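Computed from a predicted structure; not experimentally measured.
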Amino acid sequence: NNHRIRAINYLNLQGPTVTTIAGSGTAGCGSPNQTPTSVNLTTPNAVFWDQQENFLLISDSGNNRVLKYTPGEPTLELWAGRTNCADTPN
C-alpha cells in the first residue's frame with residue numbers, strides 16, 4: 001500500500017539499495033506528465049520490463065491505466081487507459 005514501484009539492487013557492495021522508480025507514495029490519480037516519482041499511483045500491481053526497447057510498463061490498477069517508464073526520460077507516458085480521474089478508459 002505504498003503506491004510506488006521500487007527496484008532493489010542486491011549487488012551493491014555496501015548492502016542492498018532501494019530506488020523508487022515511480023510513484024509519490026500517495027494514492028491518487030492525475031496526469032502522468034510529471035516526473036516519475038511525483039506521479040500519484042493507486043495500487044500498482046504489475047510491471048513488465050522490455051529489455052530490447054529498455055522500458056518498463058506499470059499497471060496502475062486503481063486508476064485503470066498502464067504507464068510507460070523509460071530510464072532517462074523526464075516524465076511517464078500513458079500507454080493505455082485513462083489520462084486522469086475525470087476520463088473514461090480508452
Side-chain angles (χ1 to χ4, degrees):
N1 286 336
N2 68 17
H3 309 290
R4 293 183 178 119
I5 299 297
R6 293 186 166 161
I8 302 172
N9 179 356
Y10 288 102
L11 302 177
N12 187 341
L13 296 176
Q14 288 80 30
T17 57
V18 179
T19 303
T20 300
I21 301 295
S24 66
T26 302
C29 185
S31 172
N33 297 323
Q34 304 173 48
T35 61
T37 55
S38 298
V39 172
N40 290 340
L41 304 174
T42 301
T43 320
N45 67 354
V47 295
F48 169 77
W49 178 252
D50 186 315
Q51 288 182 308
Q52 273 189 317
E53 299 295 325
N54 195 35
F55 66 83
L56 180 74
L57 295 178
I58 301 167
S59 170
D60 185 11
S61 63
N63 291 319
N64 300 311
R65 63 186 180 180
V66 176
L67 301 173
K68 179 182 175 185
Y69 166 78
T70 304
E73 290 294 320
T75 62
L76 294 176
E77 179 184 337
L78 180 67
W79 186 262
R82 42 191 227 176
T83 310
N84 61 49
C85 295
D87 290 343
T88 57
N90 293 331

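- The same ILVMFWY cluster, assembled from side-chain heavy atoms under 4.5 Å apart, contains both Ile58 and Leu78.
- Residues Trp49 and Leu57 fall into different hydrophobic clusters, defined by Ile, Leu, Val, Met, Phe, Trp and Tyr side chains chained together at heavy-atom separations under 4.5 Å.
- Considering Asn45, Thr43, Asn64 as possible partners of Ser59, the one that fulfils the side-chain hydrogen bond (donor to acceptor under 3.5 Å, both in side chains) test is Asn45.
- With hydrogens and angles ignored, the 3.5 Å screen pairs no side-chain donor or acceptor of Asn54 with any backbone N or O of Thr70.
- Using a 3.5 Å distance cut-off with no hydrogens or angles, the side chains of Asn12 and Asn9 do not pair a donor with an acceptor.
- In this structure, Ile21 and Arg6 have side chains that are not in contact, with every pair of non-hydrogen atoms separated by 4.5 Å or more.
- Exactly one residue among Asp50, Leu67, Ile5, Leu76 makes a side-chain contact (heavy atoms from CB on, under 4.5 Å) with Leu56. That residue is Ile5.
- Nearest heavy-atom pair across His3 and Ala27 is NE2-CB, 3.5 Å.
- With hydrogens and angles left out, the side-chain atoms of Asn40 and Thr26 include no donor and acceptor closer than 3.5 Å.
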Stepwise side chain to side chain contact (heavy atoms under 4.5 Å, CB included) check, Phe55 with Trp79 = CA-CA 11 Å; Phe55 66 83; Trp79 186 262; 4.2 Å; yes

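- A distance of 9.5 Å separates CG of Leu41 from SG of Cys29, quoted to the nearest 0.5 Å.
- For the residue pair Ser24 and Ser38, the shortest heavy atom distance occurs at CB-O, 3.8 Å.
- Taking all atoms of both residues into account, the shortest heavy-atom contact from Pro74 to Pro36 is O-CD, 3.5 Å.
- Panel note: side chain Thr20, backbone Ala22; no donor-acceptor pair is recorded below 3.5 Å.
- Looking only at distances, a side-chain donor or acceptor of Thr42 sits under 3.5 Å from a matching main-chain atom of Gly28.
- Using a distance-only test at 3.5 Å, with no hydrogens or angles considered, a donor-acceptor pair links the side chain of Arg82 to the main chain of Asn63.
- With a 4.5 Å cut-off on side-chain heavy atoms, Pro32 and Arg65 count as touching.
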